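Written out below as structure tokens is the structure these notes cover.
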Amino acid sequence: MDADASQIIAEKKAARFTYKGEQGYMPMIGHLSKAAVVIHDELREGNIAPASRNLEFIQDSQTHLPKGYRIAYIRLDSAGYQANIFNCCKETSKTFAIGGRLNEWEILIPFLHSKQIEPI
């Protein structure tokens with residue numbers, strides 16, 4: 001399952017401002033790439049962070065599959081970089097790919113350990 005929040009700009013008075021600074025909504029959409037179908041969606045107010053309730057969304061998505069099927073693979077962007085999601089995937093034997101931000105020191109750590117660069 002691939003899940004991601006997508007901004008929808010709306011000019012309604014009731015719409016909240018998104019983290020991108022525009023008035024609208026931030027729905028979460030989960031789809032199965034092999035089957036090319038959306039299995040679950042959740043309309044969210046614009047001011048709801050994309051990182052909110054991601055584990056619950058994954059768990060709710062499972063209930064929308066036909067009986068006998070399960071979600072075996074999860075792909076999320078950096079909004080899904082959360083310990084509770086990692087732990088759930090491990091406990092339920094799901095393979096997962098979740099984006100995360102690296103700072104310049106984290107990128108250099110493998111080189112430091114491999115001694116491919118020398119201290120100044």
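The structure displayed is predicted, hence computed values, not measured ones.
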Just wondering, do Ser6 and Tyr25 contact through their side chains at under 4.5 Å, heavy atoms?
-> no
Looking at side-chain heavy atoms only, is the closest gap between Ile98 and Ile85 below 4.5 Å?
yes
Side chain to side chain contact (heavy atoms under 4.5 Å, CB included) assessment of Arg53 paired with Asp60:
CA-CA 10 Å; Arg53 295 185 22 82; Asp60 290 345; 3.9 Å; yes
Does any N or O in the side chain of [X] come within less than 3.5 Å of the main-chain N or O of [Y], such that one atom is a donor and the other an acceptor?
| X | Y | answer |
| --- | --- | --- |
| Asn54 | Ala79 | yes |
| Thr92 | Cys88 | yes |
| Gln23 | Lys12 | yes |
| Glu42 | Phe57 | no |
| Arg44 | Ala5 | no |

Closest heavy-atom pair, Ile71 versus Ser61, reported as atoms and distance to 0.1 Å, is CD1-CB, 3.9 Å
Glu45 and Arg16 have their tightest heavy-atom pair at OE1-CG, 3.5 Å
Among the clusters formed by ILVMFWY side chains lying less than 4.5 Å apart, do [X] and [Y] turn up in the same one?
| X | Y | value |
| --- | --- | --- |
| Leu55 | Tyr73 | no |
| Tyr81 | Ile74 | yes |
| Met1 | Tyr69 | yes |
| Ile39 | Ile29 | no |

Candidate pair Asn47 and Thr18, rule side chain to side chain contact (heavy atoms under 4.5 Å, CB included), full reasoning = CA-CA 5 Å; Asn47 63 344; Thr18 70; over 6 Å; no
State the [atom1]-[atom2] distance between [X] and [Y], to the nearest 0.5 angstrom.
| X | Y | atom1 | atom2 | result |
| --- | --- | --- | --- | --- |
| Gln7 | Met26 | CD | CE | 5.0 Å |
| Ile8 | Glu22 | CD1 | CD | 12.5 Å |
| His40 | His31 | NE2 | NE2 | 14.5 Å |

Step by step, would you call Lys94 with Arg70 a side chain to side chain contact (heavy atoms under 4.5 Å, CB included)? CA-CA 9 Å; Lys94 289 177 178 40; Arg70 73 178 193 89; 4.2 Å; yes
- Task: Verify the ring-centre separation between Phe96 and Phe86: is it less than 6.0 angstrom?
- Result: yes
Those residues at least two apart in sequence (or on a different chain) that pass salt bridge (Lys or Arg N to Asp or Glu O under 4.0 Å) with Asp2 are Arg75
